[in-house]
Amino acid sequence: MTALVIESAGPGVTLQDGGRHGYLRYGITAAGPMDPLMHATANRAAGNPLDATTIEVSTGGLTVTAEGGPLGIAMVSRSFRITLDGAALPDAVALTLEPGRTLTVRAGASGAWGYLAVQGRIDVAPVLGSTATHTRSGLGGLDGRGLAAGDRLPVAEPRAGEVSPHRLIAPWLVRNPETIRVVLGPQDDYFAADQIDAFLAGPWTVSPRGDRMACFLDGAPLTHAKGHDIVSDGVAMGAIQVPGNGLPIILMADRQSTGGYPKIATVIGPDLGRLAQAQGGTRLSFRSVTVADAVAARRAERDALREPVPRDPVVRTDFASDFLLALNLVDGVTDGGA
Amino acid sequence: MSEGEPRLLDSGEAALVMEFGSTVDPAISDRVLALDDALGADPPEGLRERVPTYRSLMLHYDPLVLDREALAERVQTLVAGAVARAGTPTLWTLPCCYDAPHGEDIAQVAERTGLSPEAIVATHAGATYRVYMYGFAPGFAYLGGLPKTLAVPRRASPRPPHPRNAVVIGGGLAAVATVPMPTGWYVIGATPARLYAPEREQSFFIGAGDLIRFEPVDVTTFDALTAREAAGEPVARREEAVR
């Protein structure tokens with residue numbers, strides 16, 4: 001049977017699908033991709049349902065090989081360094097991984113997450129209807145944990161992909177993290193008007209200690225108008241809570257289902273990935289938009305993913321000399337597949 | 001803070017919060033759960049999740065399927081109609097072992113309350129609790145109804161992880177903590193019943209609004225019940241409660 005073999009995986013590399021929905025009322029976190037748009041783009045490029053299981057690649061990096069047969073792959077990132085047997089490829093690429101070849105993904109100058117989709121279905125058993133990994137509660141993915149060297153992911157209904165690597169053209173993934181759009185509330189009334197203004201204007205610096213659960217911001221602390229403890233209520237992905245120290249915490253995919261700090265605003269769905277991709281040290285501010293604006297942005301995202309992801313053959317002029325030297329290996333794909 | 005009119009709040013473009021108050025209060029919880037029931041009985045297309053909490057109901061929705069205003073109108077109409085909860089709440093009896101090694105923090109609770117360990121067990125097991133909400137962790141059930149004599153504040157810093165299905169108290173509340181983790185609560189016992197079992201056909205069986213009583217059992221009985229539960233035989237007993 002065709003399988004994807006994990007040769008090495010850095011910390012925080014997990015299997016994710018569209019998320020574990022329907023159980024928030026029982027305290028079950030949805031998990032799912034940190035950058036939903038990039039995850040969906042990888043699946044679209046691989047010809048899969050948009051919420052299919054992918055490997056979410058952290059800045060810890062990933063090395064994989066194929067076993068049992070050639071396997072079509074879409075690896076989508078922004079600025080990650082992707083190589084096939086050492087030869088550089090574009091940061092968003094579709095290719096066929098032949099057994100014996102090694103695909104490596106390493107962190108780059110920007111971006112925090114990339115998504116590897118296979119052409120076929122990564123065949124792991126869903127838990128509560130989803131394969132999304134939530135490591136804190138040990139649910140989903142492979143035994144509820146991150147991927148590690150030696151793991152073997154069986155691929156059901158595998159399909160070979162492009163004969164030679166193709167650059168994926170997804171301009172909607174070119175997103176500037178400097179301004180993040182939010183809808184104010186649900187507890188913006190816990191802050192005076194000047195504090196709302198200070199929150200929006202920032203500037204805030206993304207702390208390096210963020211993870212799949214939360215993004216921490218450093219900057220001038222905000223003050224609360226009526227205390228910082230509320231009776232716990234529901235928490236949406238992107239909710240920005242302000243604890244006693246006045247520094248905002250943005251709750252992300254692995255957040256708890258409820259929380260007890262006032263939430264000054266909520267990052268709109270289309271900007272969650274933009275925020276998630278901000279590496280530590282990134283400076284950002286917020287812009288308040290209406291629900292209608294946010295829905296319009298969502299609609300535009302959905303429309304971008306309606307059609308197949310455009311692609312161009314990888315041409316030699318794109319690459320450095322080490323790649324040119326290795327091109328005979330890439331050209332060999334056609335011979336090997338015959 | 002006084003409880004004003006219910007407020008409908010946006011949490012981004014894909015979640016609405018119907019807030020009935022800002023305190024822990026059975027009357028507020030009733031309103032939350034009544035709205036939850038009403039929407040659950042006839043959910044509009046595009047409504048993805050309903051998350052009841054002490055004092056609000058969060059509704060996650062797909063705004064490309066379900067229009068915000070349509071959902072808001074539906075919610076406002078139900079709230080204005082003062083919907084009541086349908087039927088009587090279910091009462092569950094959960095076996096609970098308070099003895100060592102399970103009730104590992106009972107001595108600390110005794111120190112803080114001035115009650116004897118026996119009195120702590122009798123008081124905790126003598127009360128009926130309401131499941132207000134789940135949160136914090138899978139199947140972590142927040143219970144109201146803890147007698148005031150057991151109202152110890154939570155710890156300033158968390159204690160080491162407890163075993164699964166710990167019966168805990170803290171901050172004036174009680175809880176069943178299904179998943180081992182560090183906690184600021186006090187562990188006074190453990191139940192062999194698994195409120196949460198992802199592999200079970202019905203992964204969760206106790207709903208928000210249900211009632212719970214704890215029935216003291218000794219270690220031998222606890223072990224026997226744990227074995228039965230592991231074999232797939234539920235050890236929580238279900239009874240119809242009088243409202």
Side-chain angles (χ1 to χ4, degrees), chain A residues 20-30 125 127-129 134 136-140 144 181-189 226-227 230-239 256-260 263 265-272 289-299 301-302, chain B residues 1 7-25 28 32 36 40 48-60 62-64 67-69 72 132-142 173 178-181 195-196 198-199 203-208:
Chain A
R20 185 168 287 105
H21 299 294
Y23 299 95
L24 282 176
R25 62 188 288 115
Y26 294 110
I28 299 286
T29 294
V127 177
L128 299 174
H134 186 243
R136 278 180 179 78
S137 57
L139 278 186
R181 291 169 290 180
V182 298
V183 172
L184 289 178
Q187 278 100 27
D188 49 322
D189 62 333
K226 39 181 181 178
I230 62 169
V231 172
S232 283
D233 72 345
V235 175
M237 182 171 173
Q256 291 166 355
S257 56
T258 59
K263 295 168 282 293
T266 309
V267 176
I268 70 169
D271 280 6
L272 287 170
V289 299
T290 64
V291 168
D293 292 338
V295 173
R298 249 181 207 251
R299 193 166 285 122
E301 257 189 14
R302 182 189 61 183
Chain B
M1 183 173 147
R7 302 193 300 166
L8 195 55
L9 308 168
D10 289 291
S11 185
E13 80 285 13
L16 265 182
V17 186
M18 188 72 216
E19 187 183 274
F20 290 95
S22 58
T23 56
V24 179
D25 176 335
I28 293 173
V32 171
D36 180 44
R48 283 176 164 170
E49 306 228 22
R50 295 171 284 120
V51 188
T53 66
Y54 291 111
R55 43 64 168 254
S56 67
L57 182 68
M58 178 172 258
L59 302 168
H60 294 266
D62 180 348
L64 299 184
D67 178 63
R68 188 248 181 231
E69 298 312 321
Y132 274 100
M133 58 181 275
Y134 286 90
F136 185 57
F140 188 104
Y142 286 92
L173 295 169
T178 45
V179 180
M181 55 173 63
L195 272 54
Y196 154 65
E199 82 290 355
S203 296
F204 304 89
F205 60 91
I206 298 182

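Naming: A, B, ... by sequence-line order, numbering from 1 per chain.
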Chain A interface, residue from T178(B), L16(B), V24(B), D36(B) that has the most non-hydrogen pairs under 4.5 Å: D36(B)
Engaged part of A15(B) at the chain A interface, taking heavy atoms whose separation is under 4.5 Å: side chain
Evaluation steps, salt bridge (Lys or Arg N to Asp or Glu O under 4.0 Å), between E13(B) and R298(A): CA-CA 9 Å; E13(B) 80 285 13; R298(A) 249 181 207 251; 2.7 Å; yes
When S137(A), A294(A), P186(A), G234(A) are compared by non-hydrogen pairs under 4.5 Å with chain B, the top option: P186(A)
E49(B) side-chain N/O to Y23(A) backbone N/O, donor-acceptor pair under 3.5 Å: yes
Taking every non-hydrogen atom, the tightest pair across G135(B) and T258(A): CA-OG1, 3.5 Å
Closest-packed option against chain A by number of heavy-atom pairs under 4.5 Å, given S203(B), S56(B), G12(B), P52(B): G12(B)
Non-hydrogen atoms of R55(B) and S232(A) that approach each other most closely: NE-O, 3.8 Å
Donor-acceptor pair between S11(B) and T266(A) side chains, under 3.5 angstrom: yes
Which of V295(A), D233(A), V289(A), V183(A) touches chain B most, by non-hydrogen pairs under 4.5 Å: D233(A)
Pairwise distance CD1(I230(A)) to OG1(T23(B)) - rounded to 0.5 angstrom: 12.5 Å
Side chains of Y196(B) and I28(A) in contact at under 4.5 Å (non-hydrogen atoms): yes
Proximity breakdown for M181(B) and chain A, heavy-atom pairs closer than 4.5 Å: neither
Salt-bridge present (R7(B), D189(A); N to O < 4.0 Å): yes
Under 4.5 Å from a heavy atom of chain A, the part of R50(B) involved: both
Most chain A-contacting option - heavy-atom pairs closer than 4.5 Å, from R68(B), H60(B), R48(B): H60(B)
Under 4.5 Å from a heavy atom of chain B, the part of V235(A) involved: backbone
Selection from G22(A), G269(A), S257(A) maximising heavy-atom pairs under 4.5 Å formed with chain B: G22(A)
Side chain, backbone, both or neither of V127(A) within contact of chain B (heavy atoms, under 4.5 Å): side chain
Pairwise side-chain contact, L139(A) with P198(B), heavy-atom cut-off 4.5 Å (strictly under): yes
Proximity breakdown for R302(A) and chain B, heavy-atom pairs closer than 4.5 Å: side chain
Proximity breakdown for L57(B) and chain A, heavy-atom pairs closer than 4.5 Å: neither
